[in-house]
Amino acid sequence: MITVRDRAMMARAIQLAWRGQYSTHPNPRVGCVIARGGTIVGEGWHERAGEAHAEVRALSQAGQDARGATAYVTLEPCSHFGRTPPCARALIDAGVTHVFAATTDPNPSVSGRGLAMLRDAGIKVTEGLLSDEAGQLNPGFMKRMKTGRPWVRLKMAASLDGRTAMASGESQWITGADSRRDVQRLRAMSDAILTGVGTVLADDPSLTVRREELGDIGESTEPSRQPLRVIADRDARTPTGSKILRGGNVQVFCASSTLATAPAQDLAALGISLTGVAWKDNGIDVAELLDALGELGINELLVEAGPTLAGTFISEGLVDELWLYQAPVFLGSTGRPTANLPLESMADKVQWKVLDRRQVGEDQRLILARR
């Protein structure tokens, strides 16, 4: 029987896991609590890829008190050797007698093996405690393991009349400083940030996480790396002096026929990775793009792009979450729209449901999902 105490312990494990929200890429965010009765004797969370997993950190803190204790883990303990030894074996060797796992490993090739290893060792296993809450920790990891594609967040900053820039392209700044800090945290949560060459040419963005603008991140582990910056650029028009190219860690997706051209070779000479993919009349084949990013291990993709690329993602139903920052201003009827969507009738409208609504400084932030 699952008790109130069990729920409280798993809730604590989930709370711990969130401390890795900016730092575990490409690994999942995981938390673990080791308890004897109502007393916590060990806690841990996964901080960075290649470092100790949550279970190992919690067991290290618990020491000999782990023998005969119960472990609460937000994700099924791993059963294989990767960059670290299997956590299921660590729990067995420590003498834990009961393991609660909120979610199973979504990777079909390993799912259930960690729990089976525990059961084979005589450890009682309970699955599914606070599974919905734990699942929110790793939407990208879960999706990529199941579909091969990352979780897609489309970010927009718009006026009250739905404009993202003036007709001239001028756009800095629509939203306030609080929203821009919030976007920095959104970037830090992401494995990759995608934009189009049109945005690169118009705004010359860097698309980096700027620690000084993150604000207070509480007990979360500091981000230690920049997200992969991705440019959809069919003809390799990205200027070699662009800010986005500084510091490397950039992936350009262009047309396959472009790879042998001089502009593409100039980018390659800077150490930029280029990949050829298919293009359609309305732009890049975003489905193929997502498949390629999944193969690169990208769990969570943030799209910060102009109306053409944003419209393609929306029209093809490939947005998992839409993050809309709406400022209390009007930019006028000649301003640029949030997305190019050639809809002709009310029957064609694209409907969304609101997942979260809150005030961020003077702006309103909406998080939406497709109905």
Worksheet item: Residues in ring pair (Phe, Tyr, Trp, His ring centres under 6.0 Å) with Y325, at least two apart?
Response: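 So Y325 forms no ring pair (Phe, Tyr, Trp, His ring centres under 6.0 Å) with any residue.
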
Does the side chain of [X] pick up a donor-acceptor pair with the side chain of [Y] at under 3.5 Å?
| X | Y | result |
| --- | --- | --- |
| T24 | N27 | no |
| S345 | D348 | yes |
| D233 | T238 | yes |
| T208 | Q226 | no |

Closest approach of [X] to [Y] (non-hydrogen atoms, all atoms of both residues):
| X | Y | value |
| --- | --- | --- |
| G332 | D161 | N-OD2, 2.8 Å |
| I14 | A134 | CD1-N, 3.8 Å |
| D363 | P328 | OD1-CD, 3.4 Å |

Fill in: Residues V152, F313; criterion side-chain contact (heavy atoms from CB on, under 4.5 Å); working and verdict
CA-CA 9 Å; V152 177; F313 269 92; 4.0 Å; yes

Practice prompt. Could you name each residue pair satisfying ring pair (Phe, Tyr, Trp, His ring centres under 6.0 Å) that touches residues 12-50, not counting sequence neighbours?
Written response: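 For residues 12-50: H46-H53.
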
Practice prompt. Start with the C-alpha distance between Y72 and R12, add both sets of side-chain angles, then the distance that settles side-chain contact (heavy atoms from CB on, under 4.5 Å), and finish with yes or no.
Written response: CA-CA 9 Å; Y72 300 85; R12 174 59 179 166; over 6 Å; no

Item to complete: Using salt bridge (charged side-chain N to carboxylate O under 4.0 Å, His left out) as the criterion, list what pairs up with E127, not counting sequence neighbours.
Response: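 Scan of E127 (salt bridge (charged side-chain N to carboxylate O under 4.0 Å, His left out), adjacent residues dropped) gives R119.
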
Selection [range] - residue pairs positive for side-chain hydrogen bond (donor to acceptor under 3.5 Å, both in side chains), sequence neighbours left out:
| range | answer |
| --- | --- |
| residues 303-320 | K143-D320, R187-E304, T308-N340 |
| residues 147-158 | R149-D291, R153-E300, R153-E321 |
| residues 262-286 | Q251-T275 |

[X] bridged to [Y] by N-O distance under 4.0 Å:
| X | Y | result |
| --- | --- | --- |
| D356 | R358 | yes |
| E51 | R57 | yes |
| R36 | D65 | no |

Discussion item. What I'd like to find out is whether the side chain of V350 reaches to under 4.5 Å of the side chain of I314, using heavy atoms alone.
Written reply: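 Side-chain contact under 4.5 Å: yes.
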
